[in-house]
Each structure stands twice: as C-alpha cells, then as structure tokens.
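First comes the structure, then the notes that go with it.
One-based numbering along the sequence shown. Just so we're clear, the structure is a prediction, and the values are computed from it rather than from any experiment.
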Amino acid sequence: QVQLGESGGGLVQIGGSLRLSCTVSGLIYRNSAMGWFRQAPEKGREFVALMGRNGIPIAYADSVKGRFTLSRDGAKNTVYLQMTSLKPEDTAVYYCAAYQSGIYYSISSYNNWGQGTQVTVSS
C-alpha cells in the first residue's frame, strides 16, 4: 500500500515561490501516478496536477498551468510541486494522493491521501 505525506507549505508573498514535497513509501509495491489537489476555505477539493507513473506530467489545471511544475527526486522517493508566481487564489491546503482509476480530475479516482500542507499567499 502506498503511503503519502506532504510538507513544504507556509506563508509567501504574492508573486513568490514555494516548493511542496510529497514523500512516498511503499512505491515498490504500488507504483502509482501521483496527483495534487487543493482545498481552499469553504471550497471543495480541486484538482491541481497529475504526474504519470513514468515521471512525466500528465495534466495541469488551467489555473496553474505555466506557474506550477511537477518533478521527482533521483531516488523516486519524493515528488515535488514547484509553485511560482503565486496568487492569493492559490491559498489552500494542498494534498497529494495516488491515482487509481477513472477521471483524472475527480477526487474519487484517488486514494492514500496525505495529511495536507497549508499554503497561504499574502497581499
């Protein structure tokens, strides 16, 4: 079973950058595509980005395309979401999760959700 845990959130100014990390255990037993979602206050959980099993990004939400970038470390132990040109609307709790099957932007297509990490973009 894949287990995930997010880190790297914090407070950043508008236009700034932040890199989120998702540590992965059990990957040898479950090599899954990895998705990022976010949930702003009083909003539903929203798709952000999906990296394929081969380490090549599959999709980015239109709202983050060109600003957010997916990557992995050499050991394939951690996946990253590099966020640049941050906007107030990026403020949310960010989650990573393992893709299982189904529509890629639907939360029901994922399991093994991490605990989330808070990102706050100040003005």
Side-chain angles (χ1 to χ4, degrees):
Q1 181 179 148
V2 175
Q3 298 181 9
L4 304 161
E6 303 93 338
S7 63
L11 178 65
V12 64
Q13 293 183 343
I14 293 172
S17 300
L18 201 62
R19 188 178 71 173
L20 305 184
S21 300
C22 178
T23 58
V24 182
S25 63
L27 193 60
I28 191 68
Y29 304 106
R30 176 72 72 83
N31 183 18
S32 300
M34 298 295 175
W36 286 92
F37 286 75
R38 65 187 182 185
Q39 187 162 10
E42 302 180 355
K43 299 288 289 185
R45 196 162 295 188
E46 173 189 31
F47 172 78
V48 175
L50 176 63
M51 177 175 285
R53 294 176 62 191
N54 61 0
I56 304 300
I58 294 174
Y60 293 95
D62 288 342
S63 59
V64 307
K65 193 174 299 181
R67 300 188 298 118
F68 291 12
T69 304
L70 292 165
S71 64
R72 289 179 174 175
D73 72 359
K76 296 182 173 64
N77 186 56
T78 303
V79 297
Y80 301 102
L81 183 67
Q82 178 67 50
M83 307 184 296
T84 63
S85 301
L86 284 163
K87 306 174 180 180
E89 52 263 45
D90 295 319
T91 296
V93 177
Y94 284 72
Y95 301 88
C96 60
Y99 176 81
Q100 296 300 116
S101 62
I103 299 172
Y104 72 88
Y105 53 81
S106 173
I107 61 171
S108 65
S109 300
Y110 297 78
N111 65 5
N112 298 105
W113 294 89
Q115 80 285 353
T117 186
Q118 176 71 51
V119 172
T120 302
V121 184
S122 64
S123 61

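Under the rule for a side-chain contact (heavy atoms from CB on, under 4.5 Å), the partners of S122 that lie at least two apart in sequence or sit in another chain are L11, Q13. Residues satisfying the side-chain contact (heavy atoms from CB on, under 4.5 Å) test with V12, not counting sequence neighbours, are L86, V121. Checked against ring pair (Phe, Tyr, Trp, His ring centres under 6.0 Å), F47 has the following partners two or more places apart in sequence or in another chain: F37, Y104. Checked against side-chain contact (heavy atoms from CB on, under 4.5 Å), Q118 has the following partners two or more places apart in sequence or in another chain: T91, V93, T120.
In this structure, W36 and V79 approach most closely via the heavy-atom pair CZ2-O, 4.2 Å. S63 approaches R38 most closely through the heavy-atom pair OG-NH2, 3.5 Å. In terms of heavy-atom proximity, G52 sits nearest to A33 at CA-CB, 4.0 Å. Minimum interatomic distance between S109 and I103 (heavy atoms only, all atoms of both residues): OG-O, 2.6 Å.
Applying the salt bridge (charged side-chain N to carboxylate O under 4.0 Å, His left out) test to pairs two or more places apart or on separate chains, those with a residue in residues 52-71 are D62-K65, R67-D90. Every pair tested for salt bridge (charged side-chain N to carboxylate O under 4.0 Å, His left out) that includes a residue from residues 9-25 fails, sequence neighbours excluded, so the list is empty.
Residues Y60 and V48 are not in side-chain contact: their nearest non-hydrogen atoms beyond the backbone lie 4.5 Å or more apart.
For the atom pair CD (E46) and OH (Y105), the distance works out to 13.5 Å, reported to the nearest 0.5 Å. Summarising the geometry, atom CD1 belonging to I14 is positioned 10.5 Å from atom NZ belonging to K87; distances are rounded to the nearest 0.5 Å. S32 OG to N112 CG: the interatomic distance, rounded to the nearest 0.5 Å, is 7.0 Å. A distance of 8.0 Å separates CD of Q82 from CG of L18, quoted to the nearest 0.5 Å. Between the SG atom in C22 and the CZ atom in R72 there is a gap of 10.5 Å [rounded to 0.5 Å].
The side-chain tip of R45 points at the ring of Y95 from less than 6.0 angstrom away and within 45° of straight on.
Judged by distance alone, the side chain of Y99 and the main-chain N or O of G102 form a donor-acceptor pair under 3.5 Å. Between the side chain of E6 and the backbone N or O of C96 there is at least one donor-acceptor pair closer than 3.5 Å. With hydrogens and angles disregarded, a donor-acceptor distance shorter than 3.5 Å links the side chain of T117 to the backbone of G9. A donor-acceptor contact shorter than 3.5 Å is absent between the side chain of S21 and the backbone of S7.
In the hydrophobic clustering of this structure, I56 does not group with L50; members are Ile, Leu, Val, Met, Phe, Trp, Tyr whose side-chain heavy atoms approach within less than 4.5 Å, directly or through other members. In terms of hydrophobic clustering, with Ile, Leu, Val, Met, Phe, Trp and Tyr side chains grouped at heavy-atom distances under 4.5 Å, L4 and Y80 are assigned to different clusters.
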